[in-house]
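Ligands are counted one by one from 1 in listed order, and the atoms in each one are counted from 1 as well.
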Amino acid sequence: MELNKNILYSAEVAEAITNGRPVVALESTIISHGMPYPKNVETAKNCERIARENGAVPATCAILGGKLCVGLDDEQLEYLGKTGPKVIKASRRDIAVIASKGEDGALTVAGTMILAAMAGIKVFATGGIGGVHRGAEVTMDISADLEELGRTSVTVVCAGAKSILDIGLTLEYLETKGVPVIGYRTDEMPAFYTRSSGFGVDYRMETPEEIAAAVSAKERLGIAGGTLVVNPVPEEYSMDKAKIDAVIEAAVEKANALGIKGKKITPFLLAEIKDVTGGESLDTNIALVYNNVRLAAKIACCMN
Ligand code: PSU
Ligand code: MN
């Protein structure tokens, strides 16, 4: 595949794209806004290592000095992690503005899908996607991640959606947008910290080969849009449902009482949950991201 002139590739990613080797995209909002320093940098580096161990080249995506970067070095990861929430959280609407101003942006799932598609990367691993927020029938707060999945042809591997969201409405929205939700060895949509949500997935698949075949068929048939692969958190890291639900309930109430809205609400809820559960949720978060990178790398290897 040819390189895109609008993208600044790392040498390793440029080589892999040019020669059609497997690549896995990774996001940067999770580094700057989703986890505290220095665990965020450690996690980002481990994700890159796990991708390599499973046969794929990692491509962490961010905007740095206005450049659309696909593939970062350790220094750049350190910068994004250390600067934290001061880096602009960048979704579809933000990319062109940040680029034109020469600023930095930490890319969300939607933002990373855009860069991945531009760069020719087909598979992307993250923790959880954004979705339809509870109360969206009044606030209209629906993550741009869902729109992006509806239009951009990248396969996103995640551990489901947190119950800070309305998981049922999130699945309805994905159906409307024509996004297949594939459960990896599960019949249920996982709820990030826990393996089940009570909501079913569209298809259950047992192997990375099967998933890659479905994605390749979609591509061959010219049906645009993403595929969502949901991979439950490993059993040994899954949290007690009643406990985490109570924490999430309280965090949502606090956000409402403080009037937090828009792009601030997801990072606020994530930080609340982490503070209240004293790091247990962070360990779970990290474990499920690693698990997703592993699966994404295997899927990417089957697609070449
Ligand atoms: N959910 C998580 N962890 C995260 C995010 C969501 O469990 O780090 C981040 C991702 O980058 C996701 C973004 O794309 O938040 C969604 O933000 P919003 O709800 O504002 O669309
Ligand atoms: Mn939102």
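With Phe124 as the fixed residue, the side chain to side chain contact (heavy atoms under 4.5 Å, CB included) test singles out one of Thr155, Val109, Leu26: Val109.
Residues Leu269 and Ile248 are not in side-chain contact: their nearest non-hydrogen atoms beyond the backbone lie 4.5 Å or more apart. Taking the side chain as every heavy atom from C-beta outward, Gln76 and Leu80 never approach each other to under 4.5 Å. Leu64 has its side chain within reach of Tyr79: a pair of non-hydrogen atoms, C-beta onward, lies under 4.5 Å apart.
The single protein non-hydrogen atom nearest to atom 1 (N) of ligand 1 is Gly128 O, 3.6 Å, given as residue, atom name and distance. With hydrogens left out, the protein atom closest to atom 8 (O) of ligand 1 is Leu270 CD1, 3.7 Å, a heavy atom. Nearest to atom 19 (O) of ligand 1 among the protein's heavy atoms is Thr266 OG1, 2.6 Å. When only non-hydrogen protein atoms are considered, atom 2 (C) of ligand 1 lies nearest to Lys162 NZ, 3.0 Å.
Checking Thr29, Asp145, Thr126 against atom 12 (C) of ligand 1, the nearest heavy atom belongs to Asp145. The closest heavy-atom contact to atom 17 (O) of ligand 1, among the options His133, Lys264, Lys89, comes from Lys89.
Between Ser143 and ligand 1, an N or O atom pair is found at a separation short of 3.5 Å. Checked by distance only, ligand 1 and Ile129 stay at 3.5 Å or farther apart across all their nitrogen or oxygen atoms.
Under the 3.5 Å distance criterion, with hydrogens and angles disregarded, no donor-acceptor pair is assigned to the side chains of Asn291 and Tyr237.
Each side-chain hydrogen bond (donor to acceptor under 3.5 Å, both in side chains) pair with one or both residues in residues 179-188, not counting sequence neighbours, appears once here: Asp187-Arg204. Within the structure, side-chain hydrogen bond (donor to acceptor under 3.5 Å, both in side chains) contacts touching residues 61-73 (residues at least two apart or in different chains) do not occur.
Remark: side-chain polar atoms of Asn19 are not paired, donor with acceptor, to backbone N or O of Arg21 under 3.5 angstrom.
A salt bridge does not link Glu147 with Arg151: none of the charged nitrogens is closer than 4.0 Å to a carboxylate oxygen.
Partners of Lys122 by salt bridge (Lys or Arg N to Asp or Glu O under 4.0 Å), not counting sequence neighbours, listed by chain and number: Glu219.
The distance from ligand 1 to the heavy atoms of Glu27 drops below 4.0 Å at these ligand atoms: 10 (C), 11 (O).
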Notebook entry, point to check: Could you walk me through whether Lys177 and Glu148 pass the salt bridge (charged side-chain N to carboxylate O under 4.0 Å, His left out) check?
Noted result: CA-CA 9 Å; Lys177 293 287 162 184; Glu148 210 58 50; over 6 Å; no
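Both the backbone and the side chain of Val109 come within 4.0 Å of ligand 1, judged by heavy-atom distances. Under 4.0 Å from ligand 1, not a single heavy atom of Ile265 appears.
Shown are the protein N/O/S atoms under 2.8 Å from the Mn ion (ligand 2), given by residue and atom: Asp141 OD1.
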